[in-house]
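Nothing here was measured: the structure is a model prediction, and the numbers come from that model.
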Amino acid sequence: QVRLVESGGGAVQAGGSLRLSCAASGRTISNYVAGWFRQAPGKEREFVTAISWSGASTIYTDSVRGRFTISRDNAKNTVYLQMNSLKPEDTAVYYCALRYDTSSMFSEARARLPGAYAYWGQGTQVAVSS
């Protein structure tokens, strides 16, 4: 079993930055695709970004590309989300998730699907004020 704990959320003004961390325990994450999703009040959970097990491949939803950066440190069993130039519309609870996958082919289509992930954290709140 894998346990995920997100941290680093908070309240910032528009244009500010936050760095989210997702610490995993129970198993090494080096065999897992990692993703970040977010859910705003009254809205469905949406895909934000994902990274392959090796870190070689990443994908982003259009609204955050160029502002957010996903990374991972498999030695520390941690996944990160650096968020810059934050906007009020980025306000949401952010969740990290893992999916077992050691394939050499990174499936972007599957990486965008919440249902493809087996393990989820409890979420961390990000609030961006204008």
Side-chain angles (χ1 to χ4, degrees):
Q1 194 73 355
V2 178
R3 181 170 180 257
L4 303 176
V5 178
E6 301 98 334
S7 61
V12 296
Q13 291 189 330
S17 298
L18 286 173
R19 188 193 194 202
L20 306 184
S21 297
C22 174
S25 61
R27 293 182 184 173
T28 177
I29 67 170
S30 58
N31 296 325
Y32 292 81
V33 167
W36 286 95
F37 293 76
R38 66 187 180 186
Q39 188 166 16
K43 295 187 177 181
E44 294 186 353
R45 190 168 299 189
E46 66 170 349
F47 169 78
V48 178
T49 179
I51 187 168
S52 62
W53 64 268
S54 67
S57 299
T58 58
I59 58 169
Y60 298 88
T61 193
D62 288 346
S63 62
V64 309
R65 188 176 293 112
R67 300 188 298 121
F68 291 11
T69 303
I70 188 172
S71 62
R72 64 191 298 160
D73 186 337
N74 288 343
K76 294 184 178 180
N77 243 27
T78 303
V79 181
Y80 304 98
L81 181 61
Q82 178 66 44
M83 305 186 296
N84 299 328
S85 301
L86 282 161
K87 304 176 180 180
E89 51 264 42
D90 294 320
T91 295
V93 177
Y94 283 72
Y95 299 89
C96 68
L98 294 183
R99 173 171 63 83
Y100 184 81
D101 189 346
T102 59
S103 171
S104 60
M105 297 293 294
F106 180 54
S107 172
E108 294 189 2
R110 287 196 67 197
R112 297 176 182 272
L113 298 176
Y117 292 81
Y119 302 104
W120 291 82
Q122 83 291 345
T124 185
Q125 176 72 53
V126 172
V128 185
S129 59
S130 58

Checklist entry - Where do Ser17 and Met83 land on the side-chain contact (heavy atoms from CB on, under 4.5 Å) test, with the steps shown first? => result CA-CA 5 Å; Ser17 298; Met83 305 186 296; over 6 Å; no
Next on the checklist: Set out, in order, the CA-CA distance, both residues' side-chain angles and the distance that settles side-chain contact (heavy atoms from CB on, under 4.5 Å) for Gln125 and Thr91, then state yes or no.
Outcome noted: CA-CA 8 Å; Gln125 176 72 53; Thr91 295; 4.1 Å; yes
Checklist entry - Does the side-chain contact (heavy atoms from CB on, under 4.5 Å) test come out yes or no for Asn74 and Thr28, once each step is laid out? => result CA-CA 7 Å; Asn74 288 343; Thr28 177; 5.5 Å; no
Item to check | Step-by-step side-chain contact (heavy atoms from CB on, under 4.5 Å) determination, Leu81 to Thr69 | outcome: CA-CA 6 Å; Leu81 181 61; Thr69 303; over 6 Å; no
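Note that NZ of Lys76 and CD1 of Ile29 are 12.0 Å apart. Values are rounded to the nearest 0.5 Å. The line from CG of Asn31 to OG of Ser54 is 11.5 Å long, rounded to the nearest 0.5 Å. Atom OG of residue Ser71 and atom CZ of residue Arg19 lie 6.0 Å apart, to the nearest 0.5 angstrom. The structure places CZ of Arg38 at 8.5 Å from NZ of Lys43, a figure rounded to the nearest 0.5 Å. If you take CD on Glu46 and OG1 on Thr61, they are separated by 6.0 Å, rounding to the nearest 0.5 Å. Note that CD1 of Ile51 and CZ of Arg72 are 6.0 Å apart. Values are rounded to the nearest 0.5 Å.
Residue Val126 is grouped with residue Val79 when hydrophobic side chains (ILVMFWY) are merged at heavy-atom distances under 4.5 angstrom, including chains of intermediate members. Clustering ILVMFWY residues whenever any of their side-chain heavy atoms sit less than 4.5 angstrom apart, transitively, puts Val48 in the very cluster that holds Ile70.
For the pair Leu86/Leu18, a side-chain contact is recorded, criterion being any heavy-atom separation below 4.5 Å from C-beta on. Annotation: side chain of Val5 is in contact with side chain of Gln122 (closest heavy-atom distance under 4.5 Å).
Between Ala34 and Leu98, the shortest heavy-atom distance links the atoms CB-CD2, 3.6 Å. Closest non-hydrogen pair, Arg67 versus Ser63, comes out as NH2-O, 2.8 Å. Listed here is the closest heavy atom pair of Val2 and Ala24: CG1-CB, 4.3 Å. Here the closest heavy-atom approach between residue Ala92 and residue Ala40 is recorded as CB-N, 3.8 Å. Considering all non-hydrogen atoms of both residues, Thr78 and Ser21 come closest at CG2-CB, 4.3 Å.
Atom CZ of Arg3 sits in a sparse spot, with 12 or fewer heavy atoms from other residues, nucleotides or ligands closer than 6.0 Å.
The ring-ring contact (aromatic ring centres under 6.0 Å, His included) analysis of residues 72-100, with sequence neighbours excluded, yields the pairs Tyr32-Tyr100. Annotation: ring-ring contact (aromatic ring centres under 6.0 Å, His included) contacts involving residues 36-73, sequence neighbours excluded, comprise Phe37-Phe47, Phe37-Tyr117, Phe37-Trp120.
Put simply, the side chain of Arg110 never gets that close to the backbone of Phe106: no donor and acceptor are under 3.5 Å apart. At least one donor-acceptor pair closer than 3.5 Å links the side chain of Glu6 to the backbone N or O of Cys96. Of the possible polar contacts, one joining the Thr49 side chain to the Ile59 backbone as a donor-acceptor pair under 3.5 Å is found.
Classification of Lys87 and Asp90 as a salt-bridged pair fails, no side-chain N sitting under 4.0 Å from a carboxylate O.
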